[in-house]
Amino acid sequence: MEGKSFNRIKAVLAEQKTTQKELAIALGVAEGTVSTWCRNFKQPEIQTLFKIAWHLKIEAYTLISPMEAAGLIIKPAK
């Protein structure tokens, strides 16, 4: 599912005026790793998503894109 936006990490970092480098240092990961998350090339593991949320003092669900942004449409059950 290339080109889809599964997470909002980049947007939330911008909202909080936090850099990718600051997040990488806080999590103990490479800055390039955070960059791949921010560009939605890769997704963090669920445990990491919670660590990111804890560091940013937000709820984890805030970091997840709506299904439509990920290119997923929910069809009503019949």
Side-chain angles (χ1 to χ4, degrees):
M1 293 194 157
E2 197 171 312
K4 305 295 182 182
S5 179
F6 291 101
N7 75 62
R8 299 186 60 251
I9 296 170
K10 184 176 182 176
V12 173
L13 288 176
E15 290 166 7
Q16 296 211 356
K17 296 178 178 56
T18 301
T19 66
Q20 292 179 26
K21 183 175 184 174
E22 291 170 331
L23 181 60
I25 291 168
L27 297 176
V29 300
E31 194 173 341
T33 299
V34 176
S35 176
T36 61
W37 299 336
C38 287
R39 293 179 291 145
N40 275 281
F41 286 163
K42 291 187 177 180
Q43 303 305 318
E45 292 183 357
I46 191 72
Q47 297 91 334
T48 304
L49 197 71
F50 277 88
K51 287 179 185 178
I52 294 167
W54 181 84
H55 173 72
L56 297 174
K57 297 175 177 60
I58 59 172
E59 289 290 338
Y61 70 83
T62 308
L63 297 168
I64 300 170
S65 295
M67 290 183 70
E68 283 185 33
L72 303 170
I73 306 293
I74 299 174
K75 295 182 180 178
K78 294 183 178 184

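Quick caveat, the model's predicted, so the values are computed rather than measured.
- The two residues E22 and K17 come nearest to each other via the heavy atoms OE1-O, 4.3 Å.
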Practice prompt. Verify side chain to side chain contact (heavy atoms under 4.5 Å, CB included) between L13 and T19, making sure each step is shown before the conclusion.
Written response: CA-CA 6 Å; L13 288 176; T19 66; over 6 Å; no
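- A distance of 14.0 Å separates NZ of K21 from OG of S35, quoted to the nearest 0.5 Å.
- Residue pairs that meet the salt bridge (charged side-chain N to carboxylate O under 4.0 Å, His left out) test with at least one member in residues 47-61, sequence neighbours left out, do not exist here.
- The two residues N7 and P44 have their closest heavy-atom pair at ND2-CD, 4.3 Å.
- The closest side-chain heavy-atom distance from L49 to I64 is below 4.5 Å.
- Hydrophobic clustering, with ILVMFWY side chains joined whenever heavy atoms are under 4.5 angstrom apart, groups F50 together with V29.
- Under a hydrophobic clustering in which Ile, Leu, Val, Met, Phe, Trp and Tyr are joined whenever their side-chain heavy atoms come within less than 4.5 Å, directly or via other members, W37 and I46 fall into the same cluster.
- Once rounded to the nearest 0.5 Å, the distance linking CZ of R8 with CD1 of I58 reads 8.0 Å.
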Fill in: side chain to side chain contact (heavy atoms under 4.5 Å, CB included) evaluation trace for L23 with I9
CA-CA 10 Å; L23 181 60; I9 296 170; 4.2 Å; yes
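- Without hydrogens or angle criteria, Q16 side chain to L56 main chain gives a donor-acceptor distance under 3.5 Å.
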